[in-house]
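Heads up: the structure comes next, in structure tokens.
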Protein chains: 2
Amino acid sequence: MVTTVMVRSAKVHPMSSLGVRSTKQRTAVAAALAELDDFRSTQEIHEYLKDRGDSVGLTTVYRTLQALSAAGDVDVILREDGESVYRVCSTSHHHHLVCRQCGHTVEVEGPAVERWADSVSAANGFTSVSHTLEIFGLCSNCSH
Amino acid sequence: MVTTVMVRSAKVHPMSSLGVRSTKQRTAVAAALAELDDFRSTQEIHEYLKDRGDSVGLTTVYRTLQALSAAGDVDVILREDGESVYRVCSTSHHHHLVCRQCGHTVEVEGPAVERWADSVSAANGFTSVSHTLEIFGLCSNCSH
DNA sequence: TCTGAAATTGACAGTCATTTTCATTTAGCC
DNA sequence: GGCTAAATGAAAATGACTGTCAATTTCAGA
């Protein structure tokens, strides 16, 4: 699943031919994400591509991953050490159960949590809210 | 992302004479935290102390804040930009509603969320879990 | 009160993820 | 083929945080 060749904003202004171009670098990053099934850092993806032969500049990997996450095509989370890690995910809103050891990830949903977050925010007069909810632990394999 | 740390104040090891000493720098940092009621970065606290006259080395502020959070005396969260911010909090487990603009913070509790996180983890065979749940938004003042 | 070992401090250099700069290459439209 | 905005990437810059280590301070015991 997941193809993602980075088609962002739908209709653009008629006059300005602002367009997101399709390049081999972007294709390579998207492919890497599709192959790597767990959360990976920019550096790891860059390394992966290099080892694979499809070398892409580190700067470009950074930019591409940010664009992909901004477009909602991949999920980003801040690891406990503060580093950003990316992963292709289902489109619906969800959270993650991430193994601290091997990075294995399980997508989880919690409609009740979303509702709770919304109501708590509203009750306190907060607007433009977003929330982060990730669970870190050791998966069954890494537990022992 | 780092949630509320759960380590309690350490009982000093009986045999070793390891002791945490009381210094004016630590007192100053603790005082600053008590005065600044919202989440602040290490740099901000360092700056605050300097302006106040109780200048403390930046390195020391870093170390002290980390020690305090490791001891469970203050809460740490990773801001959306990845920077760690600290704040004195109630001792019970809770989460935060943080204003992206001014940093104003409201502590919130969600027993149901805790239970949900635990059951989801268990259902997937995860152990040693910890979770992060923070809500960022604009408080009523900053909304307009 | 004095003393010395261990704890602490802080200036400074180092690390490392991420960003900026900018000159050089492309993709995609004519 | 030619053109131009978009994209790339090497190198330098940024910024948070950590490591080093000589100098300073705390505090338990004499």
Side-chain angles (χ1 to χ4, degrees), chain A residues 5-9 11-32 39-50 53-71 74 76-86 103, chain B residues 1-2 5 10 12-32 39-50 53-71 74 76-86 103:
Chain A
V5 182
M6 183 147 207
V7 181
R8 201 185 336 181
S9 44
K11 298 293 183 186
V12 191
H13 200 272
M15 298 310 279
S16 64
S17 56
L18 298 175
V20 176
R21 295 176 181 172
S22 162
T23 65
K24 68 161 87 71
Q25 288 89 339
R26 283 175 188 169
T27 303
V29 172
F39 280 99
R40 303 293 177 191
S41 69
T42 305
Q43 311 267 355
E44 287 169 339
I45 291 170
H46 173 247
E47 191 63 27
Y48 178 79
L49 288 172
K50 182 186 294 173
D54 300 320
S55 187
V56 174
L58 181 57
T59 309
T60 301
V61 179
Y62 268 106
R63 282 188 292 230
T64 304
L65 289 173
Q66 285 170 355
L68 285 172
S69 77
V74 302
V76 205
I77 64 178
L78 277 181
R79 226 197 259 147
E80 290 175 311
D81 68 352
E83 191 172 355
S84 296
V85 287
Y86 303 82
Chain B
M1 237 156 244
V2 185
V5 184
V12 180
H13 200 268
M15 298 311 275
S16 66
S17 55
L18 300 175
V20 175
R21 294 176 179 171
S22 161
T23 64
K24 68 163 85 71
Q25 289 86 341
R26 283 177 187 167
T27 302
V29 171
F39 280 99
R40 302 295 177 193
S41 69
T42 305
Q43 312 266 356
E44 288 169 338
I45 291 171
H46 173 248
E47 190 64 27
Y48 179 78
L49 288 172
K50 183 186 295 175
D54 301 318
S55 188
V56 174
L58 181 57
T59 309
T60 299
V61 179
Y62 268 106
R63 282 188 294 232
T64 303
L65 289 173
Q66 286 170 354
L68 285 172
S69 77
V74 302
V76 202
I77 63 179
L78 277 184
R79 228 195 255 147
E80 290 173 313
D81 66 354
E83 190 172 358
S84 296
V85 287
Y86 304 81

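Here is the naming used below: chain letters follow the sequence lines, and residue numbers restart at 1 for every chain. These numbers were taken from a predicted model, which means no experiment stands behind them.
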| message | At 4.0 Å (heavy atoms only), tell me whether A:Ser41 reaches a base, stays on the sugar-phosphate, or touches nothing. | response |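 No contact.
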
| message | Heavy atoms only, 4.0 Å cut-off, all strands: where does B:Arg26 land among base, sugar-phosphate and nothing? | response |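 It contacts sugar-phosphate atoms only.
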
| message | Taking the nucleotide of DNA chain D with the nearest heavy atom to each, does A:Val56 or B:Glu83 sit closer to the 5' end? | response |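 Final value for this comparison: A:Val56.
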
| said: Consider side-chain contact (heavy atoms from CB on, under 4.5 Å). Of B:Val74, B:Thr64, B:Val29, which one does B:Tyr86 pass it with? | reply: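 That would be B:Val74; it is the only one of B:Val74, B:Thr64, B:Val29 passing the side-chain contact (heavy atoms from CB on, under 4.5 Å) with B:Tyr86.
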
If only side-chain N and O atoms of [X] are considered, is one of them under 4.0 Å from the OP1 or OP2 phosphate oxygen of [N]?
X: A:Gln66; N: C:dT19; result: yes
X: B:Gln43; N: D:dA16; result: yes
X: B:Gln25; N: C:dT8; result: no

Of all the choices, [options], which nucleotide is nearest to the side chain of [X] once you look at every atom?
X: B:Ser84; options: D:dC17, D:dT20, D:dG9; answer: D:dC17
X: A:Tyr62; options: C:dT9, C:dT18, D:dA11; answer: C:dT18
X: A:Thr42; options: D:dA10, D:dA16, C:dT18; answer: C:dT18

| task | Answer yes or no: is there a donor N or O on one side and an acceptor on the other, between the side chain of A:His46 and the main chain of A:Gly57, under 3.5 Å? | result |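 No; zero donor-acceptor contacts below 3.5 Å.
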
| Expected output: side-chain B:Arg40 to main-chain B:Gly103 donor-acceptor under 3.5 Å |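 Checked: no pair found.
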
| task | Determine whether any donor atom in the side chain of B:Arg63 lies under 3.5 Å from an acceptor atom in the base of D:dG19, or the reverse, and answer yes or no. | result |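 No such pair is found, so the answer is no.
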
Please list each protein N or O that sits under 3.5 Å from an N or O in nucleotides 28-30 of chain C, with the distance.
unit_1 : atom_1 : unit_2  : atom_2 : d
C:dG28 : OP1    : A:Ser22 : N      : 3.2

| field | Any residue meeting ring pair (Phe, Tyr, Trp, His ring centres under 6.0 Å) with B:Phe39, in chain and number order, not counting sequence neighbours | value |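 Here the qualifying residues are B:His96.
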
| Rounded to whole angstroms, how far apart are CG on B:Asp81 and C1' on D:dT14? |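 Rounding to the nearest Å, CG of B:Asp81 and C1' of D:dT14 are 14 Å apart.
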
